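Working notes, structure below.
Since we're looking at a predicted model, the values are computed, not measured. Ligands are counted one by one from 1 in listed order, and the atoms in each one are counted from 1 as well.
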Amino acid sequence: MRKINSWIFCLVWVSGVAAQDQPADPLATKETVNLYRNLKQLANSGGIMFGHQDDLAYGVGWKYVPGRSDVKDVTGDYPAVYGWDLGGIELDNANNLDGIPFKKMRQYIQEGYERGGVITISWHARSPLGKEKGAWDTTHGTVRAILPGGEQHALYTEWLDKVAAFLLSLKGKKGELIPVLFRPYHELTGNWFWWCRNACTDFEFKTLWRFTMYYLQQEKKVHHLLYVYNTSGDFTTKAEFLQRYPDDDMVDMVSFDAYQYEDPQTNDWFVKHTQVLMGILDEVAKEKNKLAAFTETGYEAIPYAHWWTETLLKAIGEYKISYVLVWRNHGYAPWNQKMHYYAPYKGQASEADFIKFYQLERTLFEKEVAERKLYK
Ligand code: BMA
């Protein structure tokens with residue numbers, strides 16, 4: 001009797017663990033499942049990966065130099081997480097919205113993955129109603145128009161065909177698909193994109209998410225994605241954070257984006273506010289057994305020399321998150337007539353502090369995560 005009991009316990013336990021540690025896509029590839037489980041372990045160990053948008057494509061004062069990265073120029077190592085964006089792919093453009101040829105992007109993704117890094121992809125899809133402002137159009141009814149039954153639904157499935165084709169072209173040396181932390185419809189609680197809170201209802205948003213996932217998985221056989229639910233930093237309660245949350249079976253990672261705007265030496269709002277957001281994120285992640293991340297942040301042109309250890313680290317506090325990613329190093333931005341970059345480059349004011357940040361045991365760059373073989 002005792003033997004049978006322990007057998008039953010074993011079965012329940014094993015299936016319980018399996019159910020808990022399975023990504024949202026029940027057919028996720030082996031490497032994707034491994035990444036999901038390894039990221040959970042990594043976060044539990046207290047390590048935080050550092051990420052940078054468009055890192056390998058360009059930096060301040062350079063473009064498309066093989067092997068180069070501003071982060072590597074400063075620290076000697078690449079970021080652990082590489083962010084890329086598919087905006088423009090829906091129009092069959094050769095380059096994404098920030099000018100990166102998709103052909104090069106594919107190569108950079110392969111390089112980062114082969115070295116052991118992690119790939120995350122967002123999609124600044126332009127408005128399917130063809131509005132001039134691109135992704136930043138907030139005409140109400142845009143989401144409704146692309147849902148099944150909507151007048152632009154066929155266009156949307158064509159767009160997803162293009163997204164799927166690119167994702168399915170991301171392959172490692174052995175032909176395996178490169179797992180991607182897919183972050184569509186990011187900053188969904190904001191008020192600036194056509195999928196934001198002021199442009200569609202919660203129900204429409206959730207349906208968009210569900211349809212997108214269904215279409216990629218069932219119709220296009222895309223099974224190498226982990227799905228990232230990504231709000232902006234404008235929620236103040238758990239209920240608000242979850243207001244547009246599709247469901248537990250459709251999300252692998254919960255996250256938010258929040259930037260520093262004020263001078264952190266005279267105004268501690270960013271640290272205080274981010275701590276509140278982190279608290280809510282942590283609670284949700286624990287309750288729902290999801291991964292958590294600070295998917296976009298930064299202080300444009302990093303004018304405060306100690307921002308990394310004095311501000312960013314304090315904003316994250318003791319919370320366990322998978323990664324923190326800073327936005328792209330465009331360089332001089334003529335449209336704003338100022339510098340637009342978020343990671344230091346050699347000689348930048350916060351370089352020394354960034355090296356301190358890099359040397360901390362808690363922060364992880366590419367070499368450290370490569371040792372952990374996240375896909376095995
Ligand atoms: C913004 C800026 C823009 C860019 C957009 C999407 O924060 O960096 O220049 O087009 O992100 O990458």
Side-chain angles (χ1 to χ4, degrees), residues 51-64 69-71 79 81-91 93-106 108-109 112 119-128 131-138 142 159 162-163 166 180-196 199 228 230-234 255-262 270 274 293-303 307 312 323-345 348:
H52 187 210
Q53 186 73 7
D54 291 350
D55 185 82
L56 302 173
Y58 56 84
V60 178
W62 61 272
K63 233 179 193 185
Y64 312 137
S69 143
D70 278 346
V71 169
V81 177
Y82 298 97
W84 302 101
D85 192 278
L86 295 183
I89 206 158
E90 68 281 359
L91 303 177
N93 289 350
N95 302 344
N96 88 338
L97 81 166
D98 296 319
I100 307 177
F102 285 109
K103 270 191 188 155
K104 284 193 188 291
M105 192 187 292
R106 180 182 300 118
Y108 296 135
I109 288 173
I119 311 300
T120 178
I121 294 185
S122 51
W123 182 23
H124 280 82
R126 61 172 306 148
S127 164
K131 302 289 182 179
E132 300 230 315
K133 289 192 238 156
W136 288 265
D137 181 85
T138 52
T142 310
W159 284 12
K162 291 167 190 169
V163 166
F166 182 80
V180 169
L181 299 174
F182 190 45
R183 188 170 72 94
Y185 306 121
H186 67 299
E187 300 176 359
L188 59 104
T189 50
N191 60 4
W192 42 89
F193 296 128
W194 53 264
W195 55 86
C196 278
V228 185
N230 180 202
T231 72
S232 32
D234 42 18
S255 67
F256 64 85
D257 296 356
Y259 284 82
Q260 169 96 53
Y261 295 105
E262 324 72 21
F270 175 76
T274 308
F294 195 1
T295 32
E296 270 186 50
T297 187
Y299 185 20
E300 192 179 53
I302 331 157
W307 190 74
L312 180 60
Y323 72 90
V324 56
L325 179 143
V326 297
W327 206 237
R328 61 198 202 95
N329 274 18
H330 177 83
Y332 183 71
W335 62 89
N336 279 335
Q337 297 184 331
K338 57 179 176 174
M339 293 299 278
H340 183 58
Y341 64 84
Y342 295 87
Y345 53 89
Q348 201 275 337

Counting from 1, what ligand 1 atoms have a heavy atom of [X] closer than 4.0 Å?
| X | result |
| --- | --- |
| H124 | 6 (C) |
| D98 | 4 (C), 6 (C), 10 (O), 12 (O) |
| W335 | 9 (O) |

H330 contact mode with ligand 1 (heavy-atom cut-off under 4.0 Å):
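Neither; no heavy atom under 4.0 Å.
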Please work out whether any backbone atom (N, CA, C, O) or any side-chain heavy atom from C-beta onward of W84 is under 4.0 Å from ligand 1, and answer side chain, backbone, both or neither.
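None of W84 does.
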According to the interplanar angle, ranging from 0 to 90°, do the rings of [X] and [Y] count as parallel (below 30°), tilted (30 to 60°) or perpendicular (above 60°)?
| X | Y | result |
| --- | --- | --- |
| Y341 | Y345 | perpendicular |
| F256 | F294 | tilted |
| H186 | H124 | perpendicular |

Would one find an N or O of H340, backbone or side chain, under 3.5 Å from an N or O of ligand 1?
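Right, the criterion is met.
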Is the closest side-chain donor-acceptor distance between N329 and D54 under 3.5 Å?
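Note: N329 and D54 side chains miss the donor-acceptor criterion.
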Have D257 and S232 got a donor and an acceptor in their side chains that come within less than 3.5 Å?
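Note: D257 and S232 side chains miss the donor-acceptor criterion.
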Is it the case that the ring center of Y259 lies less than 6.0 angstrom away from the ring center of F270?
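For F270 and Y259, the ring centres are not under 6.0 Å apart.
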Below 4.0 Å from any atom of ligand 1, is there a heavy atom belonging to D85?
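No, that is not the case, since the closest heavy atom of the residue is not under 4.0 Å from the ligand.
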With a 4.5 Å cut-off on side-chain heavy atoms, are W123 and E90 touching?
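Counting from C-beta outward, E90 and W123 do come under 4.5 Å.
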Quick test: of every protein heavy atom, which one is nearest to atom 9 (O) of ligand 1, and how far off is it to 0.1 Å?
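Result for atom 9 (O) of ligand 1: R328 NH2, 2.7 Å.
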Name the closest protein heavy atom to atom 7 (O) of ligand 1, giving the residue it belongs to and the distance to 0.1 Å.
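That would be W327 NE1, 3.1 Å.
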